[in-house]
Structures are given as structure tokens and as C-alpha cells.
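Sequence lines set the chain letters: A, B, ... in the order given, protein chains first and strands last, and positions in each chain run from 1. In what follows, every heavy atom counts, from backbone to side chain, and hydrogens, waters and symmetry copies are set aside.
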Amino acid sequence: MSPVGTQHYLVVAGLMFAFGALGVLWRRNALGVLLSVEVMLNAGNVALVAFARERGQVDGQALALFVMAVAAAEAAVGLALVVSVFRTRRTVNLDELGELRG
Amino acid sequence: MSAHDLVFWIFAILAVGAAFGVAVSPDPLRGAILLLLCLFSVAGLFAWAGAHFLAAMQVLVYAGAIVVLFVFVIMLLNLTPRELGRNDLGGAQWLGLGLVVVSMVGISAVAFNAKAAFPTVGKAAGAGGTAEIGSALLTTYAAPFEIVSLLLLAAMGGAVMLVKRDQAGATIDAIMTIRAKIDARTSRAFAPDPLQPDQHGPPARQQAVAGPRSGVDDTDARKPGGTV
């Protein structure tokens with residue numbers, strides 16, 4: 001087996017992103033979708049760190065830190081939305097939430 | 001395979017396996033715990049790549065803050081299976097599975113055939129210390145750094161606004177309660193005594209009818225709002 005390089009990190013990142021996308025499409029409750037979105041953001045971070053390692057610069061890692069901040073904001077607002085929707089509708093099933101559909 | 005590489009493979013398999021578990025587990029709490037495992041494994045991958053500061057941040061921010069937030073919401077909502085909804089197979093799910101297969105094949109093929117594009121593959125570069133990231137954040141990335149602080153502030157305000165229960169109604173109710181109290185107090189204070197005839201102004205009988213009763217009406221009408 002070849003020594004671990006950037007390509008191995010990229011495969012891990014790609015698989016994690018694919019499974020995150022699978023979760024977003026598969027899960028029918030809003031909490032599961034938000035969890036899967038976190039997995040996808042982490043996959044992006046793995047790829048950023050892999051390229052930062054390959055190039056020997058910290059730019060990729062700085063960018064990964066920004067992604068973490070955005071993920072934190074997304075989780076806070078997303079969960080607030082879930083709580084707010086659950087209070088009014090008594091469900092977090094995304095298939096039952098269709099009020100905005102014309 | 002060296003022992004050093006073995007650590008990478010353990011973390012990689014854990015991360016990918018936990019990501020799959022997050023995608024398919026029907027229970028949100030189990031999904032959150034699997035996400036925790038996935039995030040810790042990714043932190044291990046970061047540390048293996050020499051990004052030690054980022055690994056620490058991964059554990060602190062993701063595992064320490066975001067997953068705790070998820071677990072809080074999941075356990076406080078305490079959803080029943082009916083409220084969660086079923087995970088039955090439909091078109092979107094098969095689209096997702098197809099996407100996974102395409103990603104696996106495509107990314108693997110690109111990554112493993114691109115040795116020419118990755119000249120330093122396999123060489124661990126030394127960058128990744130806290131000092132270097134800190135100076136990069138405050139020089140090259142100073143503007144995004146400040147914008148991210150604004151984003152976090154906006155997210156905090158938005159989250160508070162979204163979950164605050166009926167904020168406008170509660171404020172109006174509070175104002176109406178205070179106004180009713182003031183009305184009652186002022187009408188009681190300034191209304192002439194109905195038993196004492198007034199020297200100047202309207203006749204006493206009229207005052208006795210109009211003054212105190214309006215104050216009583218006010219408090220009665222606003223009492224239901226005031227008790228909220």
C-alpha cells in the first residue's frame with residue numbers, strides 16, 4: 001500500500017461529502033438533515049487541510065477555521081428554525097412542511 | 001504499511017463509517033453521537049496532517065459546542081417517531097445513493113490518477129503551528145476574520161429572535177398592562193370625589209359617572225392581556 005498522501009485525504013473527504021449528501025437527501029426530519037450538513041462541511045475541511053499540508057502553507061487551515069465559524073452560525077440558526085417550526089407545527093418532518101408552496 | 005500510516009487509516013475508516021451512520025440512522029440522538037465520533041476522527045486526521053491547532057479547534061468548537069447544541073435540542077424536543085417522520089425510500093433517496101456511488105468512483109479515480117498534479121504527495125509539510133495561523137488570520141485574512149465576527153453576531157441575534165416566544169405580542173401586552181395601571185392610578189388620583197360637589201367645572205354627578213368608571217373599565221379590559 002502506498003504511503004498516505006493528499007489523494008488519500010481527498011478520497012476520505014469525498015466519501016464523507018457523499019455520505020453527507022446522501023443524508024441530506026435520505027433523512028426526512030430536519031435534525032437529521034442538519035447533522036448531515038455538518039458532515040458535508042467537515043468533508044470540505046478535510047480537503048482544505050490536505051491541500052494546506054501538500055502546499056506547506058497555512059492558508060487552507062485559516063480557511064478551514066472560517067468554515068468552522070460558518071458551521072457554528074448555521075447550526076445555531078438552523079436549530080432555532082427547527083425549534084420554532086416544531087412549536088407551531090408539532091412536527092419536524094420535512095415532507096409535512098409545505099406552507100410556502102404556492 | 002507503517003504504524004504511522006496505520007493511525008491515518010484508523011481515523012479515516014472511523015470518519016467515513018461514522019459519516020455513513022449519520023446519514024442512515026433513523027434516531028437523531030444516535031446520529032448526533034455518530035457525528036461526534038466522526039468529528040473526533042476528523043480531528044485525528046487534522047492532527048495527523050500536522051494541523052494541530054485546527055485539531056484542537058475541531059474538538060472545542062465542533063464537539064464541544066455544536067454537537068452539544070444538537071444534543072440539547074434533540075433531547076429537549078424529545079420527538080416521537082410520528083413527529084420525526086418515516087424514512088421511506090423515494091426518488092430523492094435513490095438519487096442520493098447514485099450520487100454516493102458516482103462520488104466514490106469519480107473522486108477515487110481523479111485522486112489516484114493525479115500524481116502529476118500533486119508534486120509533493122506523500123511529503124508532510126511542516127506548516128500548521130498556532131503562531132502561523134494566528135498571524136495569517138490577523139494579516140492576510142484580517143477582513144474575513146472581522147466579517148466572520150459580524151456573521152456570528154448576526155447568527156446569535158437571529159437565533160434569539162427565532163426562538164423567542166411571541167416577542168411582539170408579549171411586548172404589547174406588557175405596555176398595555178403598564179398603561180392600564182397608569183390610567184387607573186391617574187384617574188383615581190385626579191378624579192374628583194363624587195360625594196364632594198365641585199366648585200368649578202362640570203357638575204359633580206357627571207364627574208362621578210365618567211371619571212372612576214372609565215378607569216375601572218380600563219383595568220378590567222386589559223386584565224387578560226396583563227396576566228400573560
Side-chain angles (χ1 to χ4, degrees), chain A residues 1 3-7 10-12 14-23 25-29 31-32 35-36 38-39 42 45-46 49-50 52-59 61-62 64-66 68-73 75-77 79-84 86 90-93 95-96, chain B residues 1 5 8 12 15-16 19-20 22-23 28 31-32 35 38-39 42 45-46 49-51 54 57 61 65-66 69 73-74 77 79 83-85 87 92-93 95-96 99-100 103-104 107-108 111-112 118 120-122 124-125 127-128 132-133 136-137 141 144 148 151-152 155 158-159 162-163:
Chain A
M1 195 176 283
V4 174
T6 304
Q7 71 269 37
L10 288 186
V11 170
V12 169
L15 282 176
M16 281 178 65
F17 190 87
F19 284 137
L22 175 71
L25 291 168
W26 191 302
R27 304 292 291 270
R28 295 270 53 84
N29 67 74
L31 288 167
L35 288 172
S36 301
E38 297 294 334
V39 171
N42 258 277
N45 273 354
V46 170
V49 169
R53 169 178 179 268
E54 180 187 314
R55 297 183 63 82
Q57 294 170 350
V58 293
D59 299 63
Q61 297 184 22
L65 273 178
F66 291 132
M68 276 186 199
V70 171
V77 176
L79 286 172
L81 271 172
V82 168
V83 170
S84 174
F86 180 76
R90 289 285 140 195
T91 182
V92 294
N93 186 355
D95 285 337
E96 294 178 23
Chain B
M1 181 170 27
D5 284 2
F8 169 84
V16 173
F20 180 72
V22 171
L35 178 69
C38 179
L39 297 176
V42 169
L45 290 178
F46 286 173
L54 212 56
M57 282 302 108
V61 174
I66 296 181
L69 192 64
V73 170
I74 290 168
L77 288 185
L79 298 160
E83 289 162 342
L84 280 172
N87 276 329
Q93 287 86 348
L95 185 70
L99 187 71
V100 168
S103 308
M104 274 186 202
I107 295 171
S108 302
F112 283 101
F118 301 144
T120 57
V121 157
E132 288 170 79
I133 294 180
L137 280 181
Y141 297 102
V148 156
L151 171 76
L152 288 174
L162 278 172
V163 295

Seminar exercise, completed: Sorted by chain and residue number, the ring-ring contact (aromatic ring centres under 6.0 Å, His included) partners of A:F19 (sequence neighbours excluded) come out as B:F20

Problem set entry | Structural part of A:A71 lying under 4.5 Å from a heavy atom of chain B | both

Counting only non-hydrogen atoms closer than 4.5 Å, does [X] touch chain A with its backbone (N, CA, C, O), its side chain (CB onward), both, or neither?
X	value
B:L137	side chain
B:V73	side chain
B:A136	side chain

Return the option, out of [options], with the maximum number of heavy-atom pairs under 4.5 Å with chain B.
options	answer
A:M16, A:E38, A:R90	A:E38
A:L15, A:V77, A:V49, A:L35	A:L35
A:N42, A:V92, A:V46	A:N42
A:V82, A:L79, A:L31	A:L79

Problem set entry | A:S36 (side chain) donor-acceptor with A:G32 (main chain) under 3.5 angstrom | yes

Exercise. Under 3.5 Å, side chain of A:R27 to main-chain N/O of B:V22, donor-acceptor pair present?
Worked result: yes

Exercise. To the nearest 0.5 Å, how far apart are CD1 in B:I133 and CG in A:D59?
Worked result: 10.5 Å

Exercise. Between CZ of A:R53 and CD of A:Q61, what distance do you get to the nearest 0.5 Å?
Worked result: 11.5 Å

Exercise. Between B:V61, B:L69, B:I74, which has the largest tally of heavy atom pairs under 4.5 Å with chain A?
Worked result: B:L69

Seminar exercise, completed: The single option from B:L39, B:V42, B:L35 that satisfies side-chain contact (heavy atoms from CB on, under 4.5 Å) with A:V39 is B:L35

For this session: Report yes if some heavy atom in the side chain of A:N29 is under 4.5 Å from a heavy atom in the side chain of A:N93; otherwise report no.
Result: no

